[in-house]
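Every heavy atom of this structure was used, including side-chain atoms; hydrogens, water molecules and symmetry mates were not. Here is the naming used below: chain letters follow the sequence lines, and residue numbers restart at 1 for every chain.
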Amino acid sequence: MRPSLSYLLLLLLCPPLWAQEIAVVVPIKSPIQELTTHEVANIFLSKTTRSDEGLRIKTLELNSKEYKALFYGKISGKSLSQLKSYWSTIIFTGKGMPPKSFDNTSGLILELKQNDLAITYLPYDQVDTSMRVVYSFIVQND
Amino acid sequence: MSTIVKTISCVLTILLYAVPAPAISASLSDRVSLNGFFTFQAITADDVGVVIPGILGDAVTLEKDKASYDESLVGLQLDANISDNLSLILQGISTKASEEEYKPTMEWAYLKYDLGRDLFLRAGKLKLPFLKGTELRYIGHTRLWVRPLVPNNGAGGFDEYLGAELYKNTSFNQNNITLHAAYGKSNHIKDSIQDNRVGLLSVQLERDNDWVKLALFKGIYDIYTPMNTLLQSNAVMDMASLEAKLSLDKFIIHGGYVNGKAESFPDLAMSYLSLGYSSGQFTPFIMYNARSATFTPVTPPGGGGGAPPPGGAPPPGGIPLAADGTRESIGYSLGVKYDINESYSIKLQRDNITISDNTNPILGYQEDNANVYTLTIEGVF
């Protein structure tokens, strides 16, 4: 087989580009209405711990490397390794704690609905009417 | 070098069989969490009596071709939320005190109060946040190198303190700014420095993975002779530091400069510059660091004061307690950090260290050069 033909076949066999939208959500009763990328990063990296009203925000996330890599890569430019190093710095100087981690989406959503000051990020297709999207972005993978 | 080979074999065996999947911190409840860290370190040198600043101590003396494991440690931190605003933080480490004994110490123990608007008050036993490495010297996983660039004396011999600290996080044009103000009483690493009051102001500007930090430190202290006679009261030490980290694509640059002026104590200067290249799990790096302590003669009370003229006898009653001159250490390092996963890493580093000293009037100028080899396995859990 000629090399050029094999490259062509390889390209044809490659999966198409796919896009995924990730939404940062809060319960519908939350005082948080809308956030910028910088504000989302500050909340999830424990630099901002309270809402404008002075209420403590509770960050939640799914224990998924895939979503963490997509989310933190977008909001802060940090890889998973850089993120772990960042949290080590923050935790061991007593400056904050990472978001509460959940092993499954149902537990995460249940906790979100029980706390008006909770915030998390989810694939857009899992957002329901009890939540408000305060920030979203599209990730394209090839 | 056979020691290093044996150590590497031993470490790799441990890693293959014992290192679990990335561990996460343990949340004992919604209010209490426990986090830990460890460092296993083997160091050897190709010269006799090489002295380097270690993780734990002011100086580690190495024997030729014999590995030292004394810098290994394990630590735990407990964070307990007492109320919505108040939390208690305790951090302890255990180090090897002797062949068979381990020595636990409490490094941090304080209450933290959230005043709102990202302003926090901490009070208790704290570390002076003079340099990035001062607060994180035991958590090797947070740095590229095998050991902190600063000796354990932190700011001119002042490391931890009993006192209070205010810090505030704020934002400006997509940049995060952290302001620190600390004040308290500190134990100096030398017993002759007593009744110390320390204060510190710092500002850090951060954007994504990059940051720059400026810190100003002032220490006021009394100096005693070895016979516990007061030599000088309210002596003053002023220090300033500037550090930065910059990421350019896959390149990571760290740099820092420290300068300190002190009464009846050596003036201190330190600088470092490192360049790393992040290539997947591997980050090779090169580094330069230099430290110097410039001594000026100290005379006991009633002394004629001042140093003897060059080549001359000291003035009557004015025998200097410390010599005149500079002690300097310059190091060039080459190393690599390998991230096993997000929580564990292995580092190998070779340092070429030159130490020069002209503070001894009898021995005159002395210079020594040695290579130091270090293998480290570090992690957080």
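- Heavy-atom distances place the side chain of A:Lys58, and not its backbone, under 4.5 Å from chain B.
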Please step through side chain to side chain contact (heavy atoms under 4.5 Å, CB included) for the pair B:Asp208 and A:Gln82, ending with a clear verdict.
CA-CA 11 Å; B:Asp208 296 335; A:Gln82 288 170 325; over 6 Å; no
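- Annotation: ring pair (Phe, Tyr, Trp, His ring centres under 6.0 Å) contacts of A:Phe44 (sequence neighbours excluded): A:Phe71, A:Tyr121.
- When the candidates B:Asn85, B:Thr178, B:Thr142 are compared by the number of heavy-atom contacts under 4.5 Å with chain A, B:Thr142 comes out ahead.
- Per-residue counts of heavy-atom pairs under 4.5 Å with chain B were compared for A:Gly94, A:Ser85, A:Ala41, A:Ser81; the largest is that of A:Gly94.
- Of the atoms belonging to B:Glu206, it is side-chain heavy atoms, and not backbone ones, that fall under 4.5 Å from chain A.
- Within the 4.5 Å cutoff, side-chain heavy atoms of B:Phe120 are placed close to those of A:Thr49.
- No part of A:Asp52 comes within reach of chain B, as not one of its non-hydrogen atoms sits under 4.5 angstrom from that chain.
- Between B:Asp114 and A:Arg56, the shortest heavy-atom contact is OD2-NH2, 3.3 Å.
- In this structure a side-chain-to-backbone donor-acceptor pair under 3.5 Å is missing from B:Asn35 to A:Phe92.
- When each of A:Glu39, A:Lys78, A:Lys95 is scored by its heavy-atom pairs under 4.5 Å with chain B, the top score falls to A:Lys95.
- The shortest heavy-atom contact between A:Met97 and B:Ser33 is CE-OG, 2.7 Å.
- For a residue to count as touching a neighbouring chain, one of its non-hydrogen atoms must lie under 4.5 Å from one of that chain's; by this rule A:Ser88 touches chain B with backbone and side chain alike.
- Among B:Leu136, B:Ile89, B:Leu126, the residue with the largest count of heavy-atom pairs under 4.5 Å with chain A is B:Leu136.
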Where do A:Lys47 and B:Asp118 land on the side chain to side chain contact (heavy atoms under 4.5 Å, CB included) test, with the steps shown first?
CA-CA 7 Å; A:Lys47 291 185 184 299; B:Asp118 298 318; over 6 Å; no
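- For the set B:Asp79, B:Thr170, B:Ile139, the count of heavy-atom pairs under 4.5 angstrom toward chain A peaks at B:Ile139.
- A heavy-atom distance below 4.5 Å is not found between the side chains of A:His38 and B:Arg207.
- For B:Gln174, the parts lying under 4.5 angstrom from a heavy atom of chain A are both the backbone and the side chain.
- Most heavy-atom pairs under 4.5 Å with chain A: of the set B:Tyr167, B:Phe37, B:Trp108, this distinction falls to B:Tyr167.
- Taking the charged nitrogens against the carboxylate oxygens, B:Asp339 and A:Lys84 have no contact shorter than 4.0 Å, which rules out a salt bridge.
- Looking only at side-chain heavy atoms (C-beta outward), A:Lys68 and B:Glu342 stay at 4.5 Å or farther from each other.
- When heavy atoms are compared at a cutoff of 4.5 Å, B:Asn175 approaches chain A solely by way of its backbone atoms N, CA, C and O.
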